[in-house]
Participant: 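Let me begin by handing over the structure; questions about it come next.
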2 protein chains.
Amino acid sequence: MITIKDVAKKAGVSVTTVSRVLNNSSHPISPETRQRVLEAVAELGFLPNAAARSLQLQETKTIGLMLPDIANPYYPGIVRGIEDVAHEEGYTIILCNTDRSRERTSKYLRVLREKRVDGIIFTGGGVVEDASHDRFFWREEIPTVVIGKHPADFPSVQIDNVGAAKRAVAHLIASGHRHIACITGPEASTTSRDRLKGYREALEEAGLDYHPGLVVTGDFSPAGGYGAVQRLLGQPGLKFTALFTHNDLMAVGALKALADHGLSVPWDVAVVGFDDIPLASYVLPRLTTVAVPVYDLGLTAMRLLRDLLQGREVAPVTTLTTELVVRESA
Amino acid sequence: MITIKDVAKKAGVSVTTVSRVLNNSSHPISPETRQRVLEAVAELGFLPNAAARSLQLQETKTIGLMLPDIANPYYPGIVRGIEDVAHEEGYTIILCNTDRSRERTSKYLRVLREKRVDGIIFTGGGVVEDASHDRFFWREEIPTVVIGKHPADFPSVQIDNVGAAKRAVAHLIASGHRHIACITGPEASTTSRDRLKGYREALEEAGLDYHPGLVVTGDFSPAGGYGAVQRLLGQPGLKFTALFTHNDLMAVGALKALADHGLSVPWDVAVVGFDDIPLASYVLPRLTTVAVPVYDLGLTAMRLLRDLLQGREVAPVTTLTTELVVRESA
DNA sequence: TCCTCCATGGAAAACGTTTTCCTAGAACTA
DNA sequence: TAGTTCTAGGAAAACGTTTTCCATGGAGGA
């Protein structure tokens with residue numbers, strides 16, 4: 001590997017000088033010298049060693065991105081948003097799939113700390129039980145911003161889950177539905193809790209009774225949605241004409257389950273999802289859902305982190321707006 | 001930040017010794033000393049600085065992953081496969097979205113080289129025009145494995161695109177179809193070229209004529225598939241009862257276009273896609289498609305890279321098998 | 001003429017590790 | 001007993017940068 005010394009030798013100057021021209025330091029350099037250095041750099045194809053640089057500068061221009069699972073279609077949009085501004089700002093991203101597992105999370109956190117990442121963006125950790133764990137692992141203070149909710153008090157970017165859910169359910173009610181089932185995420189998910197809260201608020205506001213039998217818990221996966229619908233349909237006396245699922249993946253599973261049972265959407269049962277993942281508009285019938293601005297979520301998260309790293313003050317929580325996009329399923 | 005020196009001081013030993021116990025070097029260390037060091041490490045919460053380590057060891061335990069766009073549902077599965085073995089092997093992944101842009105690609109390549117990544121996994125670069133460009137940027141020899149085809153001769157993991165396409169089209173023919181349209185990817189895509197080749201071979205083998213008017217080019221996106229179908233339908237005398245699209249995303253767009261035209265699938269026109277992205281089995285009608293083992297593609301790519309990094313010989317090309325999964329659309 | 005200041009450049013320390021030599025004593029071997 | 005081999009540990013060089021000082025020579029001011 002070719003180093004700054006080789007460049008210095010070739011240009012007939014000291015490494016100091018090479019470093020200065022490469023970083024266009026304010027220290028004066030004669031035009032001829034600069035020229036010679038640049039030529040040497042080009043001829044040798046020199047690229048500074050980032051490790052050496054980081055060691056000296058105490059910054060890595062790298063950030064860690066922790067999310068549950070990149071294979072979940074909810075996340076790639078976020079990642080793209082993050083990556084686009086990171087790239088623009090000269091940061092590089094280390095991808096960490098946590099699988100929401102405590103072990104994987106802390107193992108990755110350790111690596112990120114060893115690598116001395118400048119910052120961390122964390123998402124999908126809104127799991128109440130893990131509070132102590134999370135706080136524990138972050139004691140070291142590395143600048144962090146969170147997408148969604150998190151027990152520790154990092155700056156966060158979120159959406160108004162309860163409000164959005166409430167509007168979604170209100171839409172169903174406005175369409176005349178009185179018996180609205182609900183498929184939630186895992187019990188521990190704060191996101192799902194908020195969406196459930198919105199569901200209940202919408203019901204209450206419309207003077208409708210909350211019927212616990214109508215809410216079944218899923219796991220945010222299509223299979224979970226499919227199973228949930230089967231459980232719903234399996235209860236003899238249970239009647240419902242609409243379905244609110246806490247994410248699109250489950251909605252898609254639900255759609256299939258409904259079709260398998262010969263129920264047609266939206267005639268027999270209307271369904272509205274949450275997230276507006278890309279596939280939502282391609283499924284048949286096209287899914288009515290709450291559009292979460294995933295790309296923007298990522299974008300602003302990274303911007304916040306950048307501000308944090310530049311020592312600026314950032315808002316403790318910034319809320320992005322969602323939109324109910326009405327398509328064919330409800 | 002706390003360093004190895006602090007640990008050494010606290011344990012009353014030299015940094016040499018600390019380093020030795022931390023790396024369980026073969027150099028003998030008395031149990032008591034080891035104990036004292038470990039305690040100091042734990043008490044201080046010391047984590048070695050990876051930059052300093054890399055500088056000395058000349059390895060970063062980091063690999064670069066270059067792909068067109070993580071938001072394309074074809075890729076997350078691959079990434080997961082890569083990440084899982086990387087994590088297991090102690091490697092960390094830097095994510096690079098190239099957008100298939102020459103500029104972004106070379107900018108990222110530069111960063112990866114500055115960061116001295118131990119290796120690179122490249123995918124989605126099978127674009128013939130870029131041969132010189134790619135070769136140029138890789139002249140520096142950093143161990144690389146490629147998923148799919150690539151002009152430079154790196155070890156690669158691929159699938160048999162022509163064979164798979166041929167079998168898919170043969171399936172349509174076996175179902176009695178004689179007029180089979182085809183929606184391709186961009187002209188420059190080698191993947192698409194291979195799939196087109198398979199299409200023609202299947203036709204030829206069945207003694208059917210190849211009709212250029214039946215193949216229209218898309219761009220691997222749903223919108224591209226939608227538009228392609230419209231163009232097909234817009235040609236007055238054109239008749240086709242089946243459609244082979246070069247990826248599922250376009251198939252999904254095609255499904256929608258067909259529905260919008262009042263054509264029912266598979267009765268009026270049968271469609272088969274390619275990739276078997278997760279959504280393929282949730283779209284209605286469920287999509288018949290060629291299942292590409294994306295996770296395994298990533299898995300083996302990373303394993304190959306690991307072998308490469310360990311100095312082992314690896315096969316120049318390893319081909320994974322695909323499977324035609326017949327669902328409802330054809 | 002002497003002094004000061006500026007333009008230009010370099011030497012060396014520092015960043016935090018790993019590893020190559022060394023050293024010193026203890027335990028063998030002959 | 002004398003030499004050799006282990007065991008246990010440390011000093012310092014090296015990895016490749018950036019940056020703080022310091023040096024030199026010429027220009028400008030008195």
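The sequence lines fix the lettering, A, B, ..., with proteins before strands; numbering per chain opens at 1.
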Participant: Are more than 12 heavy atoms, taken from residues, nucleotides or ligands other than B/Glu313, located less than 6.0 Å from that residue's CD atom?
Facilitator: no
Participant: Given atom CD1 of B/Ile29 and atom P of D/dG10, what is their separation to the nearest angstrom?
Facilitator: 8 Å
Participant: Would you kindly give the CD1-to-C1' distance between A/Ile2 and D/dG16, to the nearest whole Å?
Facilitator: 12 Å
Participant: Charged N to carboxylate O under 4.0 angstrom, B/Asp69 versus B/Arg104?
Facilitator: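 Result for this pair is no, no salt bridge flagged.
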Participant: Heavy-atom nearest nucleotide on DNA chain D for B/Arg34 versus A/Asn49: which residue maps closer to 5'?
Facilitator: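 Going by which nucleotide is closer to the 5' end, it is B/Arg34.
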Participant: Does a side-chain N or O from A/Ser30 land closer than 4.0 Å to OP1 or OP2 of C/dG9, or not?
Facilitator: yes
Participant: Can you find a pair of side-chain heavy atoms, one from A/Asp118 and one from A/Thr62, that are under 4.5 Å apart?
Facilitator: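 A side-chain contact is absent here, since even the closest heavy-atom pair is not under 4.5 Å.
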Participant: Could you tell me how far apart A/Gln56 (CD) and C/dG16 (P) are, to the nearest whole angstrom?
Facilitator: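 So the two atoms are 10 Å apart, to the nearest Å.
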Participant: Charged N to carboxylate O below 4.0 Å: is that the case for B/Arg36 and B/Glu32?
Facilitator: no
Participant: Nearest whole Å is fine: how far is D/dT17 P from A/Lys61 NZ?
Facilitator: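 One finds 18 Å between P of D/dT17 and NZ of A/Lys61, rounded.
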Participant: Between B/Arg116 (CZ) and D/dC15 (C1'), how many Å, whole number?
Facilitator: 12 Å
Participant: Listed in order of residue number, which residues of residues 12-23 of chain B have a non-hydrogen atom at under 4.0 Å from DNA chain C?
Facilitator: B/Thr16, B/Ser19, B/Arg20, B/Asn23
Participant: Categorize A/Pro28 for me: base, sugar-phosphate, or nothing, with a 4.0 angstrom heavy-atom threshold over every strand shown.
Facilitator: base
Participant: Among the nucleotides C/dG9, C/dG16, D/dT18, which one has an atom lying closest to any side-chain atom of A/Leu55?
Facilitator: C/dG16
Participant: If I take atom CG in residue B/Asn24 and atom C1' in nucleotide C/dT19, what distance separates them, rounded to the nearest angstrom?
Facilitator: 16 Å
Participant: Decide, yes or no, whether a salt bridge links B/Asp296 with B/Arg303 under the criterion of side-chain N to carboxylate O below 4.0 Å.
Facilitator: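 Result for this pair is no, no salt bridge flagged.
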Participant: Answer with base, sugar-phosphate or nothing: what part of the nucleic acid does B/Thr33 contact at a heavy-atom distance below 4.0 Å?
Facilitator: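 Here B/Thr33 touches the backbone only, sparing every base.
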Participant: Taking atom C1' of C/dG16 as reference, at what distance in whole Å does atom CG of B/Leu44 sit?
Facilitator: 15 Å
Participant: Would you indicate whether the side-chain heavy atoms of B/Leu55 and A/Asn49 approach each other to under 4.5 Å?
Facilitator: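 A side-chain contact under 4.5 Å exists here.
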Participant: Going from CD on A/Glu43 to NZ on A/Lys10, what distance comes out if it is rounded to the nearest 0.5 angstrom?
Facilitator: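 Reported value, rounded in 0.5 Å steps: 4.0 Å.
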Participant: Separation of A/Ile4 atom CD1 from D/dT18 atom C1', in whole Å?
Facilitator: 8 Å
